[in-house]
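The next block holds one structure in the form of structure tokens; read it before the comments.
All residue numbers in this chain count up from 1 along the given sequence.
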Amino acid sequence: MEMDLRIDGYISQMFGPAGADHYITRLLSGFDYQSLEPTNTPQWPGAFFVTTPTIQTRNVPPFIHINGWPAWLVDYQICSSGTVVPQYVWRPNLLTILPTPVATPMLGNCGMLLDAHVAALVGVCATMRIRIKWPGYNDLDRQIMTRDQTPDRRTITLEKLAKWVARAVCQFLDEAGQINGRDPAWRIGDGTGIKKEDVNLIGLVQVAQGSWEPILQLDRFIEH
């Protein structure tokens, strides 16, 4: 069965249809992505690309070329292992560039992380803010470093970024587990609540200059 970016992608599952429309349209610098047909390629199974010479993605070069056309990675098909945690887009004045796939379990296993030792595409800032908008809980806003401690202050690797983001998410879950959430379906804590072991860090989307939201998916399905 053919997959639909507007339904089956992580961004649409995370932000909902309206939020995904807003995010992806801004991602493509105002271009109406609904007029495009997302493209797939066997070299990147499960990935959604858009291919058009008219898109100007804020000077971001194409991710790959497909049949000679420049192609930008927009999203991935969801893995049907559990529910994606719904969040809403943190909306300041600017939305920029492309989602960064992280695809690493929360508990620190980065063995399946693609290009783990490559510098993360986090821009020129020395820090970034991680924002989590878990249903029924107050928002998390946490700062992490994007430069290492070498004299050259090099950009951290994708593996290091994944581990630091996972640590921030774990800290959020620990703190949230001590209070009663406002949405019973998304309660965090012991017993029947959602625990760290239930959550996977799938990726990151940049929602503003220096601000990112993690894509989180449970290892089970819940009704919401």
Side-chain angles (χ1 to χ4, degrees), residues 3-24 27 46-48 74-92 95 98-110 112-113 128-144 161-208 211-224:
M3 304 294 281
D4 187 339
L5 169 65
R6 301 163 185 86
I7 300 173
D8 302 305
Y10 275 104
I11 292 175
S12 62
Q13 292 285 311
M14 177 182 176
F15 291 144
D21 284 353
H22 174 87
Y23 178 81
I24 297 176
L27 183 73
F48 292 108
V74 176
D75 203 354
Y76 286 90
Q77 295 177 9
I78 58 171
C79 173
S80 59
S81 60
T83 303
V84 176
V85 177
Q87 303 182 62
Y88 61 90
V89 182
W90 186 77
R91 295 183 179 181
L95 297 174
L98 295 175
T100 300
V102 176
T104 181
M106 282 287 300
L107 298 182
N109 178 9
C110 295
M112 297 179 63
L113 182 60
M128 61 188 290
R129 306 201 75 85
I130 301 299
R131 302 178 185 274
I132 300 175
K133 299 182 173 297
W134 192 285
Y137 291 88
N138 293 335
D139 298 347
L140 171 87
D141 180 355
R142 189 148 295 164
Q143 181 174 278
I144 65 175
L161 173 62
K163 289 181 176 179
W164 284 9
V165 173
R167 183 182 303 173
V169 176
C170 285
Q171 290 172 348
F172 164 76
L173 294 172
D174 286 338
E175 295 167 5
Q178 305 302 313
I179 60 178
N180 292 322
R182 298 181 295 275
D183 187 337
W186 290 98
R187 186 179 70 83
I188 297 169
D190 295 332
T192 59
I194 297 169
K195 295 173 276 295
K196 287 185 290 188
E197 294 80 6
D198 301 326
V199 183
N200 288 311
L201 172 61
I202 300 299
L204 288 172
V205 290
Q206 186 173 14
V207 294
S211 291
W212 302 70
E213 288 185 42
I215 302 173
L216 304 172
Q217 185 175 21
L218 304 184
D219 63 0
R220 55 190 170 91
F221 292 97
I222 63 173
E223 296 183 3
H224 63 96

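At least one donor-acceptor pair closer than 3.5 Å links the side chain of Q87 to the backbone N or O of K133. In this structure, Q13 contributes its side chain and I7 its backbone to a donor-acceptor pair below 3.5 Å. Although no hydrogens or angles enter the test, the distance criterion places a donor-acceptor pair under 3.5 Å between the side chain of T83 and the main chain of I222. Side chain of D198 to backbone of L218: no donor-acceptor contact under 3.5 angstrom is found. One N or O on the side chain of Q217 and one on the backbone of G82 form a donor-acceptor pair closer than 3.5 Å.
Under a cut-off of 6.0 angstrom, the local environment of CG in D174 is crowded, with over 12 non-hydrogen atoms contributed by other residues, nucleotides or ligands.
The aromatic rings of Y137 and F172 lie perpendicular to each other, with more than 60° between the two planes, well past the 30° mark.
Here CD1 of I215 is found 7.5 Å from CZ of F15. Values are rounded to the nearest 0.5 Å. R187 CZ to R182 CZ: the interatomic distance, rounded to the nearest 0.5 Å, is 15.0 Å. Taken to the nearest 0.5 Å, the CG atom of D8 stands 10.0 Å off from the CG atom of D75. Atom-to-atom distance recorded for E175:CD and N138:CG is 11.0 Å, nearest 0.5 angstrom. Rounding to the nearest 0.5 Å places CZ of R167 at 12.5 Å from CD1 of I130. Expressed to the nearest 0.5 Å, how far CD of E197 lies from CG of D219 amounts to 9.5 Å.
A side chain to side chain contact (heavy atoms under 4.5 Å, CB included) with W134 holds for exactly one of V169, D183, V85; it is V85.
Counting heavy atoms from C-beta outward, V84 and L216 have side chains that stay 4.5 Å or more apart. Side-chain contact check for I144 versus M128: some heavy-atom pair is nearer than 4.5 Å. Counting heavy atoms from C-beta on, the side chains of I202 and M14 never come closer than 4.5 Å.
Closest of all the heavy-atom pairs between E213 and V207 is OE2-CG1, 3.8 Å. Taking every heavy atom of both residues into account, P214 and V165 meet most closely at CB-CG1, 4.3 Å. Nearest heavy atom pair, residue W186 against residue P86, reads CZ2-CD, 3.1 Å. A168 and L140 make their closest contact through O-CD2, 4.1 Å (heavy atoms, listed as atom of the first residue, atom of the second, distance). Of all heavy-atom pairs spanning S211 and R131, the tightest one is OG-NE, 3.1 Å. Closest heavy-atom contact between F48 and G9: CE1-CA, 4.1 Å.
Checked for salt-bridge contact, R129 and D141 meet the test: a charged N lies under 4.0 Å from a carboxylate O.
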